[in-house]
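Chain letters run A, B, ... following the sequence lines, proteins first and then strands; every chain starts at 1. Computation of the quantities below employed the complete heavy-atom set of this structure, encompassing side-chain atoms and omitting hydrogens, waters and symmetry-equivalent molecules.
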Amino acid sequence: MNRNDQQAYDRGTSLFSPDGRIYQVEYAREAVNRGAPSLGVRTNDGVVLAAQRRTSSPLMEGDSIEKLHKLDDYLGAASAGHVADARRLIDGARTAAQRNRLRYGEPLGVETLTKDLSDEIQETTQVGGTRPFGAALLVAGLDGDDPDADPRLFQTDPSGAPQEWRAVAIGSGRDDIQEFLEDNWTDDLTLDDGVSIAIRGLLESEAELDADSISVATITTEGYEVVSEDEIDAVVDEHAPEDSDDDDE
Amino acid sequence: MNRNDQQAYDRGTSLFSPDGRIYQVEYAREAVNRGAPSLGVRTNDGVVLAAQRRTSSPLMEGDSIEKLHKLDDYLGAASAGHVADARRLIDGARTAAQRNRLRYGEPLGVETLTKDLSDEIQETTQVGGTRPFGAALLVAGLDGDDPDADPRLFQTDPSGAPQEWRAVAIGSGRDDIQEFLEDNWTDDLTLDDGVSIAIRGLLESEAELDADSISVATITTEGYEVVSEDEIDAVVDEHAPEDSDDDDE
Amino acid sequence: MNRNDQQAYDRGTSLFSPDGRIYQVEYAREAVNRGAPSLGVRTNDGVVLAAQRRTSSPLMEGDSIEKLHKLDDYLGAASAGHVADARRLIDGARTAAQRNRLRYGEPLGVETLTKDLSDEIQETTQVGGTRPFGAALLVAGLDGDDPDADPRLFQTDPSGAPQEWRAVAIGSGRDDIQEFLEDNWTDDLTLDDGVSIAIRGLLESEAELDADSISVATITTEGYEVVSEDEIDAVVDEHAPEDSDDDDE
Amino acid sequence: MNRNDQQAYDRGTSLFSPDGRIYQVEYAREAVNRGAPSLGVRTNDGVVLAAQRRTSSPLMEGDSIEKLHKLDDYLGAASAGHVADARRLIDGARTAAQRNRLRYGEPLGVETLTKDLSDEIQETTQVGGTRPFGAALLVAGLDGDDPDADPRLFQTDPSGAPQEWRAVAIGSGRDDIQEFLEDNWTDDLTLDDGVSIAIRGLLESEAELDADSISVATITTEGYEVVSEDEIDAVVDEHAPEDSDDDDE
Amino acid sequence: MNRNDQQAYDRGTSLFSPDGRIYQVEYAREAVNRGAPSLGVRTNDGVVLAAQRRTSSPLMEGDSIEKLHKLDDYLGAASAGHVADARRLIDGARTAAQRNRLRYGEPLGVETLTKDLSDEIQETTQVGGTRPFGAALLVAGLDGDDPDADPRLFQTDPSGAPQEWRAVAIGSGRDDIQEFLEDNWTDDLTLDDGVSIAIRGLLESEAELDADSISVATITTEGYEVVSEDEIDAVVDEHAPEDSDDDDE
Amino acid sequence: MNRNDQQAYDRGTSLFSPDGRIYQVEYAREAVNRGAPSLGVRTNDGVVLAAQRRTSSPLMEGDSIEKLHKLDDYLGAASAGHVADARRLIDGARTAAQRNRLRYGEPLGVETLTKDLSDEIQETTQVGGTRPFGAALLVAGLDGDDPDADPRLFQTDPSGAPQEWRAVAIGSGRDDIQEFLEDNWTDDLTLDDGVSIAIRGLLESEAELDADSISVATITTEGYEVVSEDEIDAVVDEHAPEDSDDDDE
Amino acid sequence: MNRNDQQAYDRGTSLFSPDGRIYQVEYAREAVNRGAPSLGVRTNDGVVLAAQRRTSSPLMEGDSIEKLHKLDDYLGAASAGHVADARRLIDGARTAAQRNRLRYGEPLGVETLTKDLSDEIQETTQVGGTRPFGAALLVAGLDGDDPDADPRLFQTDPSGAPQEWRAVAIGSGRDDIQEFLEDNWTDDLTLDDGVSIAIRGLLESEAELDADSISVATITTEGYEVVSEDEIDAVVDEHAPEDSDDDDE
């Protein structure tokens with residue numbers, strides 16, 4: 001379909017194109033692709049979330065562009081795309097987690113939370129007068145502190161379709177990172193393996209990253225924990241050079 | 001009607017074209033046709049639902065792109081088309097089934113459920129400010145656990161018109177699969193026959209499918225049951241090669 | 001008025017064209033004309049409703065494309081046009097009939113029901129943000145079980161104007177069928193005569209119809225009764241060949 | 001103003017054209033002019049309403065295209081234009097008359113009723129999102145059964161401006177009929193004179209009318225009464241031929 | 001500004017043109033100018049209102065196109081422009097006057113009423129989804145029956161800006177009539193002088209007017225009184241011929 | 001930006017142009033510039049408001065085009081621009097002042113009132129479906145009757161941004177008047193100086209003004225007082241001729 | 001993307017462009033860039049806010065164009081962009097601070113306030129019918145009067161994404177000022193250093209600024225304090241000349 005024809009159908013979420021596409025949803029995915037990447041790696045011990053932070057000035061506080069978010073004791077999220085949209089989804093998720101605790105006295109499940117978010121997102125893609133969310137989230141965690149609780153990792157998409165992953169990347173450079181994850185993920189990863197793969201994944205898309213542009217967090221039965229810059233540094237130092245060469249080929 | 005004329009009438013659900021068509025509904029059907037196929041086969045012992053799952057990466061959890069859904073003890077559904085739209089319909093169906101149990105203490109009938117869904121769908125095709133659902137469902141099951149309850153199989157359509165079928169396919173490759181079903185369906189099928197026909201139907205549209213891209217479930221007086229990958233494998237192994245040849249001609 | 005000028009006024013139900021027409025209503029009538037035909041014949045003993053069913057696949061259950069509907073003990077309807085729209089009108093009619101019984105303890109009158117439906121239909125033709133109903137109904141029956149109650153037959157139209165008829169056809173081939181009815185209807189028909197005329201009317205527009213594509217029902221003081229396929233067969237066998245010749249000329 | 005310029009201002013009731021016109025109201029008047037004519041004649045003894053009925057098939061029940069309506073014991077109306085719109089106005093009038101009786105225990109006045117209808121009509125011409133009513137009504141009657149009550153005859157217009165008349169025609173051929181009424185109306189007419197003038201007025205616009213295409217009703221202190229087909233026949237027989245000659249000149 | 005540019009800003013009341021104009025309000029003034037003229041003359045003894053009535057047929061009752069309206073014992077109004085719009089404003093004014101009496105036990109002031117009407121009118125010029133009122137009113141009267149109450153005369157305008165006048169004309173021919181009023185109004189007029197000037201003012205714009213196309217009313221401490229056709233006739237007879245000659249030059 | 005590009009962004013208050021402007025607000029300022037000028041001069045003893053009145057006919061009552069308004073005992077306002085819009089703002093201000101007295105038993109502050117008005121104005125510039133107010137106000141007064149209360153003078157703007165001034169002009173000729181005020185205002189003005197400067201300011205933009213086209217009011221601890229025509233005349237006589245010469249150069 | 005294509009997607013906040021941008025948000029940022037600059041500098045002792053005031057006339061009261069605002073005892077804000085929009089955000093912030101004190105008896109946190117404002121801002125960027133806020137705020141302060149409370153400095157953006165800064169500038173000339181801040185900010189600044197850097201930052205973008213066009217305020221454990229014009233003067237005198245030279249290179 002040429003651009004003129006496409007423009008006839010891309011001005012609203014309440015329109016299908018003749019070939020059954022919803023262009024505004026596809027454009028919202030482009031907004032996700034414009035954002036710095038985030039990724040998640042599920043291991044047997046818990047889930048690792050990692051993200052690149054882009055600072056426009058050295059005077060900006062890194063925390064304020066933080067893309068990893070603790071949602072509840074055993075729930076975390078990473079985001080990519082339009083920052084303000086991501087914030088709204090994250091806030092909604094945090095509120096839902098708190099409310100669930102208050103109402104039912106128990107933590108909100110990872111899958112339930114993802115589906116609730118996806119419902120809210122789908123709504124914006126069908127009814128006129130609003131645009132879709134230009135952000136994707138990785139929602140990760142355990143269903144409570146049960147020592148047998150399985151680590152889980154979900155992704156939300158601007159269309160409102162949730163997906164569960166073993167390891168997944170969103171944002172710019174997503175294809176390269178995902179390929180790296182496919183090559184390196186195995187079903188017997190330790191949490192440390194996961195942290196290492198996560199950081200190396202980000203270096204895959206942008207080899208020059210230094211440690212303070214990278215955020216990493218883990219969610220295990222110990223709860224949501226931020227990985228220290230030193231730990232990140234160690235992995236970056238070890239892998240950046242060689243990976244960089246690989247990338248350039 | 002040429003494209004320019006068509007474009008005059010295809011920007012909303014609240015418009016008829018001069019020849020009495022509602023283009024947005026037809027475009028929503030295209031969204032269904034873009035999705036991986038699902039099918040249903042009614043047998044004397046129950047209904048078989050089957051669907052192809054398309055994974056964009058080996059790291060995606062198959063369950064998260066599951067297209068077969070247990071709605072209630074004796075109710076299941078298969079979907080095709082825009083995934084987020086299908087999810088919303090499925091969620092609505094599940095909620096309706098639960099509510100019916102709570103209110104009336106008895107299971108929701110297959111036909112009643114289909115008609116309620118169709119009412120919701122029709123609404124989106126007549127009032128402005130929303131688009132139709134870009135998804136079709138197969139709703140299958142028995143009206144409760146009465147041993148004499150008849151297995152039934154319905155389809156919803158983006159226009160909101162429900163249809164009852166003996167066997168039916170939706171999604172991409174629908175025409176080839178439907179033709180196969182017409183050639184092979186008889187009124188004395190056992191459940192095993194149904195499972196076999198269902199799997200062979202999917203292979204009809206895409207001969208290279210391997211077993212883990214295929215989901216199959218049955219709804220009988222025993223309830224909703226998932227068919228194991230081994231069973232699927234057996235049918236695939238037996239039929240794929242020959243069918244594949246047939247397909248390529 | 002040429003097509004360009006027409007397009008200036010045909011994008012909404014809340015617009016008159018310079019010559020005082022409401023194009024969306026006229027296009028909705030086209031939606032009726034696209035549907036398989038239905039007809040009604042009033043006799044001294046009751047009303048006969050008949051309709052052609054179009055099946056897209058032999059695996060479809062005929063009932064699911066049924067175009068004759070029992071609304072209440074002595075009320076029935078036939079439809080033509082956009083199936084989902086017809087369903088919504090039929091559902092509304094059925095609900096109205098039930099509510100009337102509950103509230104007033106007596107059956108809803110044929111004329112009252114038709115007028116209520118017509119009010120709902122007219123509303124969609126005047127206020128913006130919705131399209132008209134792309135379906136027409138024949139509403140038939142007796143005002144209760146009073147042995148002296150007169151059989152009555154009404155038609156609803158996408159404009160919302162109800163009409164009472166002695167015999168009338170809607171849907172594709174309507175003009176030919178109506179002409180046949182005008183030639184054959186008399187005021188001393190028995191119910192059997194009515195059934196025969198109804199079936200022959202359908203054959204008038206499509207001579208090759210076989211009995212299982214035809215539905216016939218009668219509403220008399222005995223209530224709403226479905227005419228058996230055998231009875232239909234008998235009439236088809238007797239009349240199809242000759243009529244067919246007539247048709248082809 | 002040429003057609004292109006006109007089209008800039010004729011797409012809604014909430015727009016004035018540069019020369020201060022509301023085109024949608026003028027187009028709604030065209031809808032009135034497309035309808036078969038109705039007329040009213042006020043005499044000293046009461047008001048006569050008459051209307052031509054157009055049947056599209058001999059199988060249609062004449063009553064169902066009746067254009068004369070009893071609203072209350074001493075109130076009647078005739079309509080012209082878009083049938084479904086006229087029905088809605090008539091229904092509203094009937095409901096208002098009933099409500100007035102229930103609330104105040106007395107009949108609704110002819111003028112009050114006309115003004116209430118006109119208010120409802122004006123509303124549709126000023127606020128966006130709706131079209132005007134494409135129908136005009138003649139509202140006739142006496143203010144209750146007081147033997148001294150004066151017969152009155154009003155007309156509503158798609159603009160919402162009511163007018164009181166001694167005799168008036170609406171619908172197709174209005175100009176010819178009105179001219180006839182102007183030539184023949186006097187202030188000493190008996191009711192019979194009025195009936196005769198009313199029928200001859202209709203013949204004025206279409207000389208070939210036969211009696212069963214003509215409806216006549218009178219509203220006097222005796223109440224609303226339908227004039228029999230025989231009486232109509234008598235007038236038609238006497239006048240049709242000569243009038244016809246006059247018409248053709 | 002040429003017509004193409006103008007059309008960019010004249011489709012709604014919620015738009016300013018680049019030069020700060022609201023075209024829909026200006027077009028509504030054109031609707032006023034299309035109407036037959038009305039005028040008001042304030043004298044020391046009270047206010048005179050006069051208006052020309054345009055009849056489309058001799059069978060129309062003059063009262064039904066009456067443009068002078070008694071609003072309350074000491075309040076009257078004259079209108080020009082779109083008749084149905086004027087009616088709605090007049091009805092609103094009448095209701096406000098009655099309500100004021102009921103609530104506060106005293107008559108509504110002329111200025112207060114005018115301002116309330118102007119508020120309602122301004123609202124239609126700022127918010128989208130409605131058009132302005134295509135009518136202007138002259139509101140005249142005394143603030144109650146206090147013998148010292150001053151006669152007052154106000155005008156409402158489609159913009160919602162009220163103005164107080166000694167003498168003023170609205171509607172077609174306004175400029176000529178206003179010039180006549182400016183030449184003839186003095187601050188020592190008696191009521192009879194006012195009546196004479198009012199009638200001559202109307203003849204100024206259309207010399208051939210006969211007395212029954214002219215309505216005149218006075219509001220004094222005696223209340224609202226209609227001037228008889230004989231009195232009007234007398235003034236017309238005296239002045240029409242000479243004025244007519246003046247007009248034609 | 002050329003006119004075609006500008007037209008792409010000037011059709012609503014809910015749109016920014018690519019260079020960050022809101023054209024409808026700028027056009028509303030043009031509406032202010034079309035109006036006759038008003039000005040305010042703050043002195044140590046109180047604030048002077050002055051305005052030019054434009055009469056379209058000598059028969060119009062000057063008060064009815066009054067542009068100076070007493071809002072409360074120590075609060076006044078002058079307006080320029082679209083008259084009906086200014087009226088609505090003035091009415092709102094007056095109501096707010098009354099309500100404040102009733103609720104809190106004390107006068108509404110000048111600054112508080114201005115900010116409340118500005119909030120209402122800003123609202124119309126951000127939300128679709130309405131146009132901005134095409135009027136500006138000067139709000140002047142003292143915060144109650146405290147002898148130490150400081151005189152204050154504020155201006156509202158169609159954007160909703162309030163400003164406090166020592167002396168300021170709005171409306172047509174604003175630039176010339178403001179320049180005059182800048183040249184002549186000092187911080188030791190008496191009230192009489194202020195009156196003189198105010199009148200001379202108006203003459204600055206239109207030298208031929210005579211005293212009855214000029215309104216002046218003062219707000220001091222004595223309250224809101226209208227300056228007599230004689231006083232105005234005296235200033236005009238003294239200054240008009242010379243100023244006029246200056247103007248024409 | 002060329003201008004024509006861009007125009008297809010820049011007419012509303014509820015639209016993404018094909019490359020995932022929301023043009024109205026970007027245009028709102030242009031509105032910020034058009035405004036005079038503001039900046040904030042965080043020091044160990046508190047936060048310094050500074051802003052340039054642009055006066056259109058020497059008669060305007062400087063306070064009325066004040067761009068620094070005390071929100072609460074330990075909370076302040078600076079703004080840039082569309083003045084009326086900034087006012088609305090500031091008012092909202094002030095109200096939120098007061099409400100928090102009333103409800104919870106404690107001061108509102110700097111971060112919480114910024115996030116609440118950002119939520120409100122994001123809302124305007126997703127839902128149709130409104131435009132984004134054309135203003136940015138710097139929100140600065142301490143979380144209450146706890147002597148250990150850390151000074152914090154946040155920025156809001158038209159997209160609704162908040163950021164925390166050590167030092168940041170908004171408005172015209174932002175890039176130059178930010179570069180200056182990056183060169184001069186260190187983590188051991190005293191409050192006096194901060195004031196000096198803030199003033200020199202403003203001079204960076206416009207060297208000719210004199211002290212009365214500059215506003216400076218500090219928020220420390222002592223509360224919100226305005227820096228005197230003398231203090232500002234001292235810094236300007238010392239730095240303006242040399243900085244000016246630097247600027248011009």
- Query: Is it true that G/R200 and G/E204 make a salt bridge, defined as a side-chain N closer than 4.0 Å to a carboxylate O?
  - Reply: no
- Are A/S213 and A/D210 close enough that a side-chain donor and a side-chain acceptor fall under 3.5 Å? yes
- Message: Quick one: does any side-chain atom of G/E164 pair with a main-chain N or O of G/F154 as donor and acceptor, under 3.5 Å?
- Response: no
- Item | Contact listing (chain A partner; residues 119-134 of chain G; heavy atom under 4.5 Å) | G/D119, G/Q122, G/E123, G/T125, G/Q126, G/V127, G/G128
- Taking every heavy atom of A/V227 against every heavy atom of A/T218, the minimum-distance pair comes out as CG2-CG2, 4.0 Å
- Message: Quiz question: by atom type and distance under 3.5 Å, do the side chains of G/D192 and G/T190 form a donor-acceptor pair?
- Response: no
- Message: A side-chain contact here means heavy atoms from C-beta on lying under 4.5 Å apart; do G/L142 and G/I219 qualify?
- Response: yes
- Note on the structure: Nearest heavy-atom contact between A/Y224 and A/L75 is CD1-O, 4.1 Å
- Message: Main chain of A/L137, side chain of A/T156: is a donor-acceptor contact present, judged purely on distance under 3.5 Å?
- Response: yes
- Message: To check you understand the geometry: which heavy-atom pair defines the closest contact between G/Y27 and G/D10, and what is its length?
- Response: OH-OD2, 2.6 Å
- Message: Heavy-atom pairs under 4.5 Å with chain G: which of A/A28, A/A86, A/G62 has the most?
- Response: A/A28
- Query: With a 4.5 angstrom heavy-atom cut-off, which part of A/D91 approaches chain G: side chain, backbone, both or neither?
  - Reply: side chain
- Note on the structure: Highest number of heavy-atom pairs under 4.5 Å with chain G among A/E30, A/E26, A/H82, A/Q24 belongs to A/Q24
- Enumerate by number any residue of residues 37-52 of chain G whose heavy atoms lie under 4.5 Å from heavy atoms of chain A; in the absence of such residues, state 'none'. G/R42
- Task: Could you pull out the closest heavy-atom pair between G/R174 and G/V168, with the gap in Å?
- Result: NH2-CG2, 4.2 Å
- Does a side chain donor of either G/S17 or G/D19 reach within less than 3.5 Å of an acceptor in the other side chain? yes
